[in-house]
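Have a look at the structure below before the remarks.
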Amino acid sequence: MGIIQKVIDFFDERYFKYVDTPGWKPTVPNNMKDFLEGVMKKPIPDYATHPMYCLGGLAFAAFLLQIATGILLGMYYKPTPEAAYESVKFIMTQVYMGSLIRGLHAWGANIFIAAIVLHTFRVFLTGSYKKPRELTWVLGVSVLGLSLFEGFTGYLLPWDQLAYWATTVGLQIAGTVPVVGDIIVQLLQGGPTVGPNTLSRFYIIHVVLLPLTIMGILAIKFLMIRRQGISGGL
Ligand code: HEM
């Protein structure tokens, strides 16, 4: 059997030909309505209502909260060294409900990461990374890494002393990675020290690149989960 056929079989076994729920027949959807009905009507097992199984949903809710509050912050935030700190101060003191929105975004980031870590423990402890869910696990691991990077890039944006030096130290640590360390620092820092280019780069990575990538990965992950159903184990 050729390698290409093996790859095709791997995906078929885990997605297109996978049947998990008795009484639920996977059909090949002909249109969007068929597809959505197939996804929505599939029953969810009772054990999946256990709180330990709600951590992924909690992470997703926190992610949506980050998008909503992030968009609102973006209406006043200015990503330049001259204006960033003042714009955050303006949000905190002058903008209607500005401190609440910023507080939700900062606390939401912590809840988001905590929920992902706890969700990872649940998935690990129930052995849900095993066949046929290896791909869901791999997608999850990549989303975990990207989410930590999302937190790191957001931390610089207030442009205060804590943000500046935390980023300087973080980039120095990245610089110690063998072979690619220097390239990573050059790409992210954009100059000899943390400066205007770093702020622009972190801003665009934080508000566009990472959120869109995370959304795309989650979309595929959710499709896999709906197709394979939630594994038992608790
Ligand atoms: C933004 C981050 C994430 C979100 C929003 C998310 C969301 C979800 C949701 C809603 C489920 C359904 C079951 C449940 O909630 O427990 C789920 C299942 C799953 N997730 Fe995640 N997840 C994330 C990160 C991760 C990470 C970091 C991993 C692994 C390292 C992972 C691996 C899995 C696996 C293997 C399943 C299937 C579990 C089963 O069938 O029992 N996810 N995820």
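Indexing begins at 1, ligand by ligand and atom by atom, following the structure's order. This chain uses plain numbering: 1 for the first residue, then up along the sequence. Note that these values count all heavy atoms, side chains included, but never hydrogens, waters or copies made by symmetry.
Judged by the 6.0 Å distance and 45° axis criteria, R14 is positioned over the aromatic ring of F10.
Of the protein's heavy atoms, L218 CD2, 3.8 Å lies nearest to atom 4 (C) of ligand 1. The protein non-hydrogen atom at the shortest distance from atom 12 (C) of ligand 1 is I230 CD1, 3.6 Å. Shortest contact from atom 16 (O) of ligand 1 to any protein heavy atom: R122 NH2, 2.8 Å. In this structure, atom 15 (O) of ligand 1 lies nearest to the protein heavy atom Y53 O, 2.9 Å. Looking only at protein heavy atoms, the nearest one to atom 41 (O) of ligand 1 is S231 OG, 2.5 Å.
Under the 30°/60° scheme for interplanar angles, the aromatic rings of H50 and Y53 are found to stand perpendicular. Ring geometry for Y129 versus F124: interplanar angle under 30°, hence parallel rather than tilted (30 to 60°). Ring geometry for H206 against H105 counts as perpendicular: the plane angle is over 60°, on a 0 to 90° scale with 30° as the lower cut.
In the hydrophobic clustering, where aliphatic and aromatic side chains (Ile, Leu, Val, Met, Phe, Trp, Tyr) are joined below 4.5 Å either directly or transitively, I111 stands alone.
Pairs passing the ring-ring contact (aromatic ring centres under 6.0 Å, His included) check and including a residue from residues 175-200, sequence neighbours excluded, do not occur.
With sequence neighbours left out, T198 forms a side chain to side chain donor-acceptor pair (under 3.5 Å) with no residue at all.
A side-chain donor-acceptor contact under 3.5 Å links S128 and R122.
Within the 4.5 Å cutoff, the side chain of V88 has no heavy atoms near those of the W159 side chain.
Residue S128 has at least one N or O atom closer than 3.5 Å to an N or O atom of ligand 1. Among the atoms of S147, none of the N or O lies under 3.5 angstrom from an N or O of ligand 1.
When the heavy atoms of F60, F222, W137, Y129 are ranked by distance to atom 29 (C) of ligand 1, first place goes to W137.
For atom 21 (Fe) of ligand 1, the count of nearby protein N/O/S atoms, taking only those under 2.8 Å, is 2.
Every atom of ligand 1 is numbered from 1 in the order shown, and the set under 4.0 Å from a heavy atom of F112 is 1 (C). If you number the atoms of ligand 1 from 1 as listed, the ones under 4.0 Å from a heavy atom of L144 come out as 27 (C). Here is the list of ligand 1 atoms found below 4.0 Å of a heavy atom in G229: 40 (O).
No donor-acceptor pair closer than 3.5 Å links the side chain of H119 to the backbone N or O of L55.
Closest non-hydrogen pair, Y18 versus R133, comes out as OH-NH2, 4.5 Å.
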